[in-house]
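Here's the structure, in structure tokens; my notes come after.
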Amino acid sequence: MSGSDTTTTTTEGWAMTSEGNSHASGQDGTQQLRDGRLPGPAVSGTPGDEHLLDELEKVAQGLGRMFPGICEVVLHDLRDPDHAIRFIENNLSGRQVGESATELGLARIRDPHYPSVIQNYANQFPDGRPAKSTSIGIKNAAGQYIAALCLNLDISTLSPITLTLSNLVATNPEHRDVPLETLRDRSRRELREVIETAAAERSTTPRALPREAKKALVRRLCEDGYFDTRNAAQTIADLLGISRASVYSYTK
């Protein structure tokens, strides 16, 4: 690679040169190539590693096809960091099979205790689109990281939907504390519960409430909309042991 090539590094850690080759970049954005090779030893592996990676390709394919067009799924073969990308479904980043590992892949190669799952971190595609990513490290029977399954969700397509839904469910802040109405039928049973609760607070029965207490209770029921229910006045009269005419007079 000539010294005049320009390099652009994404948040996930892949870098694209002007010639279209990719290489890992450091946390400060500088290139970390030694004699044309990436840092970190290659994983020796175990006999069952190749079968495990074959199976992971199926997982990557299934996940990608579940979310077509919005979620890129990349399988990295960490046994060969120089050519780590083994499989891509829904290619949104423009990378190709055979390109090199990202910083997360190199970190897992160097440190077997590196976190196996790093989820929902902010990322960015090379063209600037925001992404939400999850990286899952896969170990073999020997406890070595041999693969990484990475999901990169294009949230640029979802942000307008999120805003639309947020506006759709928003309510007027002036009326959040005190509800203006209750969308339910004020039944005879509910009237009985309200009246009996009010009487119980005074350690008595509805019919034994004093006249002023009955008047206050009737006014409250009227303000709360209970009189909009069919036959509400007669129901209240029966529960309080007063006439229907008295009920209407108490509301004034």
Side-chain angles (χ1 to χ4, degrees), residues 11 59 62-73 90 92 115-125 128-136 149-252:
T11 307
V59 175
L63 287 172
R65 292 184 180 181
M66 184 75 179
F67 305 100
I70 63 171
C71 186
E72 175 185 75
V73 184
N90 289 336
L92 303 178
S116 58
V117 178
I118 302 177
Q119 61 188 28
N120 298 333
Y121 59 90
N123 212 334
Q124 189 178 55
F125 291 109
R129 285 173 296 162
K132 184 175 79 169
S133 298
T134 291
S135 176
I136 306 169
L149 190 63
C150 301
L151 292 81
N152 303 306
L153 182 69
D154 182 1
I155 60 176
S156 67
T157 60
L158 301 177
S159 296
I161 299 175
T162 301
L163 179 60
T164 300
L165 291 176
S166 178
N167 292 334
L168 184 63
V169 301
T171 57
N172 192 327
E174 296 179 3
H175 306 303
R176 287 177 183 169
D177 296 332
V178 181
L180 299 180
E181 63 179 349
T182 301
L183 303 178
R184 65 175 184 270
D185 180 33
R186 298 301 179 85
S187 64
R188 178 182 176 88
R189 177 183 298 177
E190 187 174 356
L191 269 175
R192 177 184 293 277
E193 290 176 353
V194 172
I195 292 173
E196 288 181 347
T197 298
E201 291 173 354
R202 290 174 170 264
S203 301
T204 186
T205 63
R207 287 175 173 262
L209 283 169
R211 184 171 181 273
E212 291 303 317
K214 290 181 179 180
K215 290 179 66 175
L217 178 56
V218 170
R219 290 195 188 101
R220 194 183 87 190
L221 293 172
C222 183
E223 291 172 358
D224 290 346
Y226 284 92
F227 276 75
D228 295 336
T229 305
R230 182 182 178 184
N231 297 325
Q234 188 60 55
T235 300
I236 294 171
D238 294 341
L239 292 171
L240 294 180
I242 58 179
S243 67
R244 192 164 178 267
S246 295
V247 170
Y248 283 115
S249 68
Y250 287 173
T251 62
K252 300 176 183 180

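All values below were derived from every heavy atom in this structure, side-chain atoms included, with hydrogens, water molecules and symmetry-related copies excluded.
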Exercise for the section: Say whether, by atom type as modelled, one donor and one acceptor occur between the side chain of T162 and the main chain of L158 under 3.5 angstrom. Expected result: yes

Problem - Sidechain-backbone polar pair: K132 side chain, N123 backbone, donor-acceptor under 3.5 Å - result: no

Fill in the blank from the handout: Separation between CG (L163) and CG (N167), nearest 0.5 Å, reads 4.5 Å

Fill in the blank from the handout: In short, L191 meets Y226 closest at the heavy-atom pair CD2-CD2, 3.5 Å

Handout entry: Shortest non-hydrogen contact between F227 and A232, atoms and distance
Key = CA-CB, 3.9 Å

Exercise for the section: Kindly compute the distance separating CD (E190) from CG (D224), expressed to the nearest 0.5 Å. Expected result: 9.5 Å

Handout entry: CD-CG distance between Q234 and L239, expressed to the nearest 0.5 angstrom
Key = 10.0 Å

Handout entry: Side chain R207, main chain D238, donor-acceptor under 3.5 Å
Key = yes

Completion exercise
When every non-hydrogen atom of N152 is compared with those of S133, the smallest separation belongs to OD1-OG, 2.7 Å

Problem - Within-4.5 Å side-chain heavy-atom neighbours: V194 and R220 - result: yes

Handout entry: Over 12 foreign heavy atoms within 6.0 Å of CZ, R219
Key = yes

Exercise for the section: Assess whether atom CZ of F67 is packed by more than 12 heavy atoms of other residues, nucleotides or ligands within 6.0 Å. Expected result: no

Practice task
Search all heavy atoms of L209 against all heavy atoms of R202 and return the closest pair with its distance.
Solution key: CD2-CD, 3.4 Å

Handout entry: Minimum side-chain heavy-atom gap I242-Y250 below 4.5 Å
Key = yes

Exercise for the section: Nearest 0.5 Å please: distance from the CE atom of M66 over to the CG atom of L151. Expected result: 12.5 Å

Practice task
Taking all non-hydrogen atoms of both residues into account, name the closest pair between L217 and A198 and its distance.
Solution key: CD1-CB, 3.8 Å

Exercise for the section: Keeping the roles fixed (side chain from N90, backbone from G64), state whether a donor-acceptor pair exists under 3.5 Å. Expected result: yes

Problem - Check: S246/S249 side-chain N/O donor and acceptor closer than 3.5 Å - result: no

Practice task
With rounding to the nearest 0.5 Å, note down the distance linking CZ in R129 to CD1 in I155.
Solution key: 11.5 Å

Handout entry: Backbone N/O of N120 and side chain of T134: donor-acceptor pair under 3.5 Å
Key = yes

Practice task
For residues P206 and I195, report the shortest heavy-atom separation together with the two atoms involved.
Solution key: CB-CG2, 3.6 Å

Exercise for the section: Please examine the side chains of Y121 and S135, heavy atoms only from C-beta on, and report whether any two atoms are closer than 4.5 Å. Expected result: yes

Exercise for the section: With rounding to the nearest 0.5 Å, note down the distance linking CD1 in I136 to SG in C150. Expected result: 8.0 Å

Exercise for the section: Examine distances only and state if a side-chain atom of E72 and a backbone atom of L92 form a donor-acceptor pair shorter than 3.5 Å. Expected result: yes

Completion exercise
Residue set satisfying side chain to side chain donor-acceptor pair (under 3.5 Å) with T251, at least two apart, ordered chain then number -> none

